[in-house]
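Accompanying notes for the structure given below.
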Amino acid sequence: MTIKEVSEKYNISQDTLRYYERVGMIPPVTRTGGRIRDYQETDLSWVELAICMRSAGLPVEAMIEYVRLYQEGDQTIPARLQLLVDQREALLEQKRQIDTTLERLNYKISRYEKAIETGKLTWEKDACK
């Protein structure tokens, strides 16, 4: 696939694809004899992983490190595992924070909905306003 086709398939810019490759978020893409990018299935798998990880908030540096370790071979499997475990923990912490924020937001919404019914806004003790 050409870079244009990959860009359209994944709805990301060609510049983003070039950036991912340039900084090492994906390994170097297969090239034609004329040095034009010719994305193969393995290249697309890396692009999909990069998009997925970035959309989940994985830092660029972590993705670069993962690719670097992968390219060094199987002796880095423990390090790759640890990197992924660390990122999972970071995402779980973010999820906990989001859940806490959603609980507060749901409470506030419920109080405002009640206020519309009753004509009076009230808060329970120790609730954030």
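Please read these numbers as outputs of a predicted model, since none were measured by experiment.
The main-chain N or O of E72 is never found under 3.5 Å from a side-chain atom of T76 such that the two would form a donor-acceptor pair. With hydrogens and angles disregarded, no donor-acceptor distance shorter than 3.5 Å links the side chain of S7 to the backbone of I3. Remark: side-chain polar atoms of S45 are paired, donor with acceptor, to backbone N or O of E41 under 3.5 angstrom.
Using cut-offs of 30° and 60° on the angle between ring planes, the pair W46 and Y66 is tilted. Between Y107 and W123, the angle of the ring planes lies from 30° to 60°, which puts this pair in the tilted group.
The number of heavy-atom neighbours closer than 6.0 Å to OH of Y10, taken from other residues, nucleotides and ligands shown, is above 12. Heavy-atom contacts from other residues, nucleotides or ligands closer than 6.0 Å to CG of D74 number 12 or fewer.
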For residues 53-61, tabulate all N or O donor-acceptor pairs below 3.5 Å that involve a side-chain atom, not counting sequence neighbours.
unit_1, atom_1, unit_2, atom_2, d
R54, NH1, L58, O, 2.5
S55, OG, I51, O, 3.3
S55, OG, C52, O, 2.8

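Shown here for R80 and G73, the closest heavy-atom pair between the two residues is NH2-O, 3.0 Å.
Atom-to-atom distance recorded for I98:CD1 and L105:CG is 12.5 Å, nearest 0.5 angstrom. Here the straight-line distance linking atom OG1 of T32 with atom CZ of R37 works out to 11.0 Å at 0.5 Å rounding. E89 CD to L84 CG: the interatomic distance, rounded to the nearest 0.5 Å, is 12.0 Å. Between the CG atom in D38 and the CD atom in E5 there is a gap of 9.0 Å [rounded to 0.5 Å]. To the nearest 0.5 angstrom, T16 atom OG1 is 10.0 Å from R22 atom CZ. Atom CD1 in I109 sits 13.0 Å away from atom CZ in R111 (nearest 0.5 Å).
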### Task
May I have the step-by-step check of side-chain contact (heavy atoms from CB on, under 4.5 Å) for V6 and L17, ending in yes or no?
CA-CA 8 Å; V6 174; L17 289 166; 3.7 Å; yes
### Message
Run the side-chain contact (heavy atoms from CB on, under 4.5 Å) test on V23 and I64 for me, step by step, so that the C-alpha distance in whole Å, both residues' side-chain angles and the decisive distance to 0.1 Å come before the verdict.
### Response
CA-CA 7 Å; V23 300; I64 292 168; 4.0 Å; yes
### Message
I'd like to know whether N106 forms a side-chain contact (heavy atoms from CB on, under 4.5 Å) with E103, so could you lay out the CA-CA distance, the side-chain angles of the two residues, the decisive distance to 0.1 Å, and finally the verdict.
### Response
CA-CA 5 Å; N106 286 335; E103 286 176 25; 5.8 Å; no
### Message
Quick one, D43 with M1, criterion side-chain contact (heavy atoms from CB on, under 4.5 Å). Give me CA distance, side-chain angles, the key distance, then yes/no.
### Response
CA-CA 10 Å; D43 300 319; M1 291 180 83; over 6 Å; no
### Query
Is there a side chain to side chain donor-acceptor pair (under 3.5 Å) between Q97 and D99 once you walk through the steps?
CA-CA 5 Å; Q97 292 172 1; D99 288 343; over 6 Å; no
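No option in V29, T2, T30 other than V29 meets the side-chain contact (heavy atoms from CB on, under 4.5 Å) test with Y39.
Salt bridge status for E21 with R18: absent, with no side-chain N to carboxylate O gap under 4.0 Å.
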